[in-house]
Amino acid sequence: MMTYPRVQYISQGRSSEEQKRHVEDVLKAGVRWIQLRCKDIPDKAELFALAKDIRALCQRSGAVCIINDHVDIALAVGADGVHLGLKDMPIPDARKILGDQKIIGGTANTFDDVRQRMQEGCNYIGLGPLRYTATKAGLSPLLGVAGYRAIMAGLKEARKVPPPVYAIGGIVSGDLEALLSADVYGVAISGLLTDDPERFRTLQQYIPEAGLQ
């Protein structure tokens, strides 16, 4: 079974050039999991070209490359997998297209969402949001650290062992210790690392034995 990096960078940028620059910067800082999320490029051909470039950057750095939403593009560029929201393609359908060897992650906001994602057979869960974030429109209800604690405790009580759960949504450096104490596996971060990729090195102090990798 693959051991996933504990920090996932969700890409930002209004253009392909911005996206590539930010991904290059976080890879140089040591991040080894990239989720290409690009809602500002509607042209499918341009998005495909960008995904191909990001996949190549990740391969050179030995990083995991996940494509947000677009199963067809993930398949075409040979990405490591895809991340799907609750309103995106159903995970079982994506699995039929991508096969058993690809990583499929799913978004969740509630305990019931997490159970659904587990039943669907996703490889990891992006659970959130922790707090308000300007990088995502139409946010689900905010969880706060207490929300993560309640959901993870509920799973333990129900004797359900989830795949790796990543906290997501407005996370800052000071949140990591509390989130990990709530039994999440890792964090998915966007703005924090886009603004300053070197913050990744600060995050590493919280899981020194794993190096966040």
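A donor and an acceptor atom, one from each side chain of N123 and K102, are nowhere located under 3.5 Å apart. When only modelled atom types and interatomic distance are considered, Q35 and S11 share no side-chain donor-acceptor pair under 3.5 Å. Remark: the R149 side chain and the S181 side chain contain an N/O donor-acceptor pair separated by less than 3.5 Å.
Among residue pairs with one or both ends in residues 103-129, those qualifying as ring pair (Phe, Tyr, Trp, His ring centres under 6.0 Å) are W33-Y124, H83-Y124, Y124-Y166; sequence neighbours excluded.
Atom-to-atom distance recorded for I91:CD1 and C122:SG is 4.5 Å, nearest 0.5 angstrom. Here the CD atom belonging to E18 is positioned 11.5 Å from the CG atom belonging to L50, to the nearest 0.5 angstrom. Atom CZ of R60 is separated from atom CG of L27 by 9.5 Å, given to the nearest 0.5 angstrom. Remark: H70 NE2 to M89 CE distance equals 11.0 Å, nearest 0.5 Å. Remark: L192 CG to Q12 CD distance equals 10.5 Å, nearest 0.5 Å. The distance from the CD1 atom of I66 to the CD1 atom of I54 is 13.5 Å, given to the nearest 0.5 Å.
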Practice task
Report the C-alpha distance between D183 and Y148 in whole Å, list the side-chain angles of each, state the deciding distance to 0.1 Å, and finish with yes or no for side chain to side chain contact (heavy atoms under 4.5 Å, CB included).
Solution key: CA-CA 8 Å; D183 288 336; Y148 288 96; over 6 Å; no
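Heavy atoms from other residues, nucleotides or ligands lying under 6.0 Å from CD of E198 number more than 12. At most 12 non-hydrogen atoms from other residues, nucleotides or ligands lie less than 6.0 angstrom from NZ of K160.
The pair E120-R117 meets the salt-bridge criterion, with a side-chain N (NZ, NE, NH1 or NH2) lying under 4.0 Å from an Asp/Glu carboxylate O. Ion pairing of R37 with D69 is absent here, as no side-chain N (NZ or NE/NH1/NH2) approaches a carboxylate O to less than 4.0 Å.
Exactly one of L179, V187, V184 qualifies for a side-chain contact (heavy atoms from CB on, under 4.5 Å) with L130. That residue is L179. Remark: of the listed residues I151, N109, I168, I151 is the sole one forming a side-chain contact (heavy atoms from CB on, under 4.5 Å) with L127.
Here L86 is tied to no hydrophobic group at all, with no ILVMFWY side chain closer than 4.5 Å.
Between the R131 side chain and the G170 main chain, a donor and an acceptor come within less than 3.5 Å of each other.
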